[in-house]
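Single-structure report; data block below.
All values below were derived from every heavy atom in this structure, side-chain atoms included, with hydrogens, water molecules and symmetry-related copies excluded. What you are looking at is a predicted structure, and each value in this text was computed from that prediction instead of being measured.
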Amino acid sequence: MDSFPVQQETPEKKFLKERFREYYLKNLEPPPDITKREFGFGFEKKIDYRHKSFRSFQEFSEFVSREVPFFISYSCARYEFPSLRPMDRKGYLGSDLAFDLDRTYLEEKHEHSPVLCNYCLNRIRQDAVNLIEEFLVSDFGFSREEIQINYSGSKGFHIHLQSKPVQELSQEARKQILDYISAAGLDVEKILRREKTEEAGYILRGPTKHSEGWAKKLFDAAFKLVSSENLEDFAKDGIGKVKALKIMDNREYVLKKMEEGNWDSLKGLEGVWNKLLKKTVQLREVEVDRQVTFDVARLIRLPNSIHGDTGLIAKKIPLSEISDFDPTREAVAFDGNKMMAIVTDKEFRLEMLGQTTEIKPGKNKVPLPAGILLLCKKKALLYPE
Amino acid sequence: MVDYSLVSKYPFISDAKKLLEEKAGNELRWEDLEKGINRIVSVVRGRERSLSADLSLKTAHEEASLYAISRLLLFTLNNPLASRKFAEEEAKQAANLLALETEDVFFQVASDFFSSMKQENREGVITGISLGESMRIYSISLFDYLKYGGSLLYAQLEAGRVFMGKGEFLLLLKKAISYRIRDSSAMSLKSIPQMIKDAASELGERLPKLAGAISMAMYKGSYLGLECVQKILKGLPEGKRYYGSMALAIACAKDKIPKEEAVKVMATFVANCRKTTHPFTLREAISVLDWVYKRNIGFSCRMLEANDLGGEFCKVCRLKKGFGAK
């Protein structure tokens, strides 16, 4: 394959390229079916060039070591001819199902770090666990073995599913999956509705103890609340003391009726249920980047490659370790015992590999991973030694 | 072992194909094609298919051939509206018939579409059913369910299986039958003999006008008339068709075109799209339309530009000159 046009290389870029090359010489991993994937590479942006393909892992590996891109992405789709253009000439064969969780939680009170925000990352990790456990495993029936998760290398996590039935999902099916996990368009009033009965006239009908899907999630939330013996739990859900006491006094009866699908055992609670169910939807829905899941022509970061905005690895994580995964320890690509000199005009406080590095304006000697992070973020320059 | 009575009544099941393969070799005659034309015209007009009392091998073979010829004629005619109407009418009649069948027959036909189908006995799984009463329900795999456009949001979904009562399952089965009848992905125009092409032309002349031709005036709405939308309407290659269909559907919604009319716009788009290794079907286009019509979605020039759909018209576009800016 031809080389890409020579980029304007600053000393920082040259330095980063050398470090990235050292990493790739030992750590590059191919995606499954590498010859059927389209690749994209970024030298300035995340993707400057795409529609590349390789005949073997060796060819790919040689290319990466020679060109040292700052970003490596590959197609979720498999193609007969991955390098052909336009897209319809590629011969689509199927596509993995991928989820990209990378939102920021700016609306929640915390000290947000624009460089690497641990708070946001923790919240996204919770979302990822929720997506896997509650939706992918519990509802969709995927086995844990077929779910692959990796840190994105920056602000979030990527989840990949690659089984054969997944490959065959149409775009419409992918949209259904997205709508389900994000509860897009879910109308609580369709789940909790007034229905005419012969015996009791109109009653409020809702999910039963045998319900599944979203109806079950909503039933479980309401059942848990009604089972509570703590007035504060009701208050948290915006239920006043009078109504809460009414529910508590009739708890067994209300629960029994709810199990049967009758949510009208106590009158005047329709508003309470509606509010509670809407809150449950908000709490349990998972926000993902819809385009990544939906668009089968999309490119996504290659697991275990380095993210050029952080110098961190898009590290594959065993599912059992996701809850404890700390990217500042486990996604660090470079030796924390080595030091480098940088110059910056701002103050930073970085935690990496368990060490806290205070950076002041001016010249600083910092551990290599912290220095590379700031160079990648363009927050510092190399200090010539 | 092929069940002749099933094939006679439901010539779209896999056994019908097997039967035709076993008995292949008869030369196609003009009268067979004429029977096919008559059948299509009759079905499209909404007339009920009369079932022969004789459910023997001979009837099964005749029905299977007639069905195959009908599909071939419709494929050759390349009129998505007619194909859709035919498939929907056939599916409707089949679903009505299936609702009256014994549980065994129902299961046999349904599992031909949903190989993962199981019968389950569960209590009150579906909200709104007689409480505490045991009812027969069915379950299929999530993938089978999604294949035929089932909506997941309100589905009774657990561990990769979707549970349904008979009524809901029949609706899904009807969709599946309709999709199978319409599916022409295994057919190729190259191998169609001239005799069939001639018969298809005749079919085109005999078919009733389906809900009127699409008026050109419809295409000149505020949004449908945009040059980028007009370009999309002429068809798109793989990779762009979904965004294209989304833009078309939004344009229809913004122009307040009734959904039945918008279906025709989508059908025109589908017909104009090139058939590639991964065909874009009317079903996909209509599901986009359904999605858009349920929501209030803005027309996004940025999205069109980002997906390389007519960005070249932006400089001269009236939207950027203030039209619709508010």
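- Under a 4.0 Å N-O distance rule, the pair B:E88/B:K92 does not qualify as a salt bridge.
- At a 4.5 Å heavy-atom cutoff, the contact between A:I177 and chain B is made by backbone and side-chain atoms alike.
- For A:K216, the side chain to side chain contact (heavy atoms under 4.5 Å, CB included) test picks out A:E212, A:D220, with sequence neighbours left out.
- For A:F142, the part lying under 4.5 angstrom from a heavy atom of chain B is the side chain only.
- Under a cutoff of 6.0 Å and an axis angle of 45°, B:K166 and B:F106 form a cation-pi pair.
- Using a cut-off of 4.0 Å between Lys/Arg side-chain N and Asp/Glu carboxylate O, B:D290 and B:K294 are scored as not salt-bridged.
- Both the backbone and the side chain of B:L153 have a heavy atom closer than 4.5 Å to some heavy atom of chain A.
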